[in-house]
Protein chains: 2
Amino acid sequence: MRKSRRSPCPVACVLDVIGDKWTLLIIRDLAAGKSQFKEFCASPERIATNILADRLDRLVSHGLVERYASDDHPGREAYRLTLKGRTLLPVLKSIADWGLAHIEGTEARIQVAAP
Amino acid sequence: MRKSRRSPCPVACVLDVIGDKWTLLIIRDLAAGKSQFKEFCASPERIATNILADRLDRLVSHGLVERYASDDHPGREAYRLTLKGRTLLPVLKSIADWGLAHIEGTEARIQVAAP
DNA sequence: GTGGATTGCTTGCATTTTACAAGTGGCGGC
DNA sequence: GCCGCCACTTGTAAAATGCAAGCAATCCAC
């Protein structure tokens with residue numbers, strides 16, 4: 001059963017997925033190559049661990065992120081963007097570009113990791 | 001005095017402005033030519049009036065929206081995007097495009113009003 | 001110029017979400 | 001076994017949101 005959406009508007013539906021202060025920051029970190037829970041916690045915005053766990057679950061349930069067994073850190077949880085999740089990167093970039101152009105004091109520091 | 005930001009990351013700073021479920025819907029409605037309080041209320045997502053008033057205030061204080069005296073409806077409040085506000089339209093479009101491509105059941109119905 | 005409708009909010013309160021701190025269970029190394 | 005790290009979960013306080021009602025200022029017909 002699909003939960004009822006607010007409207008058929010694509011903007012409203014996207015906001016129901018990524019319309020909060022944390023989800024896109026996790027996607028940013030994933031795009032930058034971070035994969036472990038503690039790495040997301042270590043980002044300068046200091047997301048609370050319960051919020052992080054909740055957002056990761058939601059991203060996985062939306063098919064934007066997947067868990068996998070890391071080779072680099074065997075036995076640890078790891079997360080990465082799915083192919084669908086990667087399609088959000090142009091959205092993320094347009095947001096970052098707007099911030100760089102219109103909010104003073106912002107600076108780009110992250111590079112999107114190679115596919 | 002500027003309120004402290006979470007980080008100098010442009011993504012985080014933009015989310016502090018538009019990172020919620022309502023702000024971009026108001027910008028969508030403004031882009032579609034709506035200008036009156038009641039018109040935003042009438043959108044299918046049914047924003048609460050206190051939230052709408054709060055978001056309009058925040059948008060005005062961020063310089064993205066301005067009040068003006070309407071010619072069409074004299075004596076009534078009216079809102080419109082500022083030039084800075086219009087620079088958000090590419091962001092809005094990238095979000096709408098993503099929704100159309102990746103969320104089933106969404107449909108584009110609004111046309112951006114002419115400048 | 002008075003009554004009623006409309007507009008643009010504000011207020012009060014219940015519900016939901018978020019923030020912060022602390023705690024728990026699993027695993028690996030020693 | 002014991003220690004520490006990691007990935008969460010839980011408890012609780014604070015904040016944001018949702019909902020309904022109310023209210024002052026127009027507008028408009030009559």
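Note on naming: letters A, B, ... go to the chains in the order of the sequence lines (proteins, then strands), and numbering restarts at 1 for each one.
When each of B:Arg58, B:Arg6, B:Arg5 is tested with B:Asp16 by the rule salt bridge (charged side-chain N to carboxylate O under 4.0 Å, His left out), just one qualifies, namely B:Arg6.
Among the protein residues, B:Asn50 comes within range of the nucleic acid bases, having at least one heavy atom under 4.0 Å from a base atom. The residue A:Arg67 sits close only to the backbone: its heavy atoms come under 4.0 Å of sugar-phosphate atoms, none of a base. Counting any heavy atom pair closer than 4.0 Å across all strands shown, A:Tyr79 reaches sugar-phosphate atoms only and no base atom. Using a 4.0 Å heavy-atom criterion, one finds that A:Asp20 contacts no nucleic acid atom at all.
By the 4.5 Å heavy-atom criterion applied to side chains, B:Val14 and B:Val91 are not counted as neighbours.
Rounded to whole angstrom, the span from the NZ atom of A:Lys38 across to the C1' atom of C:dG26 amounts to 16 Å. When rounded to the nearest whole Å, the span between CG of A:Leu56 and P of D:dC6 equals 16 Å. We find that CG of A:Asp16 is positioned 14 Å from P of D:dT17, with the value rounded to whole Å. Atom CZ of B:Arg55 is separated from atom P of D:dG18 by 8 Å (rounded to the nearest Å). Protein atom CD of B:Glu77 is 14 Å distant from nucleotide atom C1' of D:dC27, rounded to whole Å. The interatomic distance linking A:Phe40 (CZ) with D:dC8 (P) rounds to 10 Å, in whole Å. Nucleotide C:dC9 holds its P atom 12 Å from the CG atom of B:Asp54, rounded to whole Å. When rounded to the nearest whole Å, the span between CZ of B:Arg76 and P of D:dC27 equals 8 Å.
Remark: the backbone N or O of A:Cys41 is paired with a side-chain donor or acceptor of A:Arg46 at under 3.5 angstrom. Between the side chain of A:Thr82 and the main chain of A:Gly63, a donor-acceptor pair closer than 3.5 Å is present.
Dashed line: the shortest gap from a side-chain N or O of A:Gln36 to OP1 or OP2 of D:dA7 is under 4.0 Å. Residue B:Trp22 has a polar side-chain atom (N or O) positioned under 4.0 Å from OP1 or OP2 of D:dG18.
Few gaps surround NZ on B:Lys21; more than 12 heavy atoms of other groups in view lie less than 6.0 Å from it.
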